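Here's the structure we're looking at; comments come further down.
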Number of protein chains: 2
Amino acid sequence: MVVDQLSEDDVDRLFQALSDGTRRDIVRRVAAGPMSVSGLAAFYAMSFAAVQKHVAVLERATLVTKEKRGREQLVRVNPDGLALARRLLDEFEEIWRQRAARITDLLDEAPGAQAKEPS
Amino acid sequence: MVVDQLSEDDVDRLFQALSDGTRRDIVRRVAAGPMSVSGLAAFYAMSFAAVQKHVAVLERATLVTKEKRGREQLVRVNPDGLALARRLLDEFEEIWRQRAARITDLLDEAPGAQAKEPS
DNA sequence: GTAATGTGCAACCAAATGGTTGTAGATCAG
DNA sequence: CTGATCTACAACCATTTGGTTGCACATTAC
């Protein structure tokens, strides 16, 4: 099953965005409530520009959204992005589960019986 | 909620391993049944050494395991690794869900209750 | 035995990543 | 208005990543 219209590059960006501790922490923080970029930057021992870049990576990965709010830029979590990533992992597990079920069937069936595809 | 004993570096490796299309494809293939490294390499338009490196990345991320089988090395999916990644994503969603529930509560409650959460 | 196959590893290279500093444009406070 | 704050973006740098080729070593086939 293909997940939506996601290109491989989209999936690359999703997981790559999640592969950095600072970015995962940003997602956690904005998941608990929206924050400005500078508000986020205050938490980390790195420059504002670095945090800005992390937010940009998360935005391109559709894990957060930004909205201009006066002179600030409010960062919000995008629940769809997270759900998408989880669904992708579910796909992998589904493939494995089907194989496991097929093997179980083979073991359960009498020897010589043909294996049918489980749902 | 901390997931098991995973270090941040472990999580980095997990998601980083999944951020490459070739590696995700390898996981799909071995999820459907174990394969040798050279068997896998036959599918991709890159050198054997490159595929070997991808498998090594997946192995360090605990997404696959290798087992020596004669002169071959059988690569298998590690369902625990996948389940771990999914659980990590569940954590993020849980944080967001809790916040959403809290907001819903605030909206449901009678007005006059003091809200700590800015809109 | 010799030859072919499967693997591991080192050295190398181009491109991407994660950080920095510096500059400049908006917006808000006084 | 002036000054402080928030953001955007460019240029630069060190390290990592994803690929290559080449060589060494085990195991299997003939």
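Remember, predicted model here, so these are calculated numbers, not experimental data. Labels below follow one simple rule: chain letters A, B, ... track the order of the sequence lines, proteins then strands, and each chain is numbered from 1.
- Checking dT7(C), dG19(C), dT20(D) against every side-chain atom of Ala49(B), the shortest atom distance belongs to dT20(D).
- Residue Glu59(A) forms a salt bridge (Lys or Arg N to Asp or Glu O under 4.0 Å) with just one option from Arg76(A), Lys66(A), Arg13(A), Arg23(A), and that option is Lys66(A).
- With rounding to whole Å, Leu40(B) atom CG is found 12 Å from dG6(C) atom P.
- Within 3.5 Å, a donor on the side chain of Arg71(B) pairs with an acceptor on the base of dT5(C), or the reverse.
- Closest approach to the Met46(B) side chain among dG19(C), dG6(C), dT20(D) is made by dT20(D) (side chain taken as heavy atoms from C-beta onward).
- Contact of Glu72(B) with dG6(C) (side chain to base): no donor-acceptor pair of N or O atoms is detected under 3.5 Å.
- Along DNA chain C, the nucleotide closest to Phe48(A) and the one closest to Lys68(A) are compared, and the more 5′ of them pairs with Phe48(A).
- Between the side chain of Arg24(B) and the backbone N or O of Leu18(B) there is at least one donor-acceptor pair closer than 3.5 Å.
- Listed nucleotides dG8(C), dT21(D), dT21(C) differ in distance to Lys66(B); the shortest reach to its side chain belongs to dG8(C).
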Strictly under 3.5 Å: I want the nitrogen or oxygen pairs between protein and nucleotides 12-17 of chain C, one per line.
none

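- Close to dG6(C), at under 4.0 Å from its OP1 or OP2, lies no side-chain N or O of Gln73(B).
- Salt bridge annotation for Arg87(B)-Asp90(B): absent, with no cationic side-chain nitrogen under 4.0 angstrom from a carboxylate oxygen.
- A salt bridge does not link Arg69(A) with Glu72(A): none of the charged nitrogens is closer than 4.0 Å to a carboxylate oxygen.
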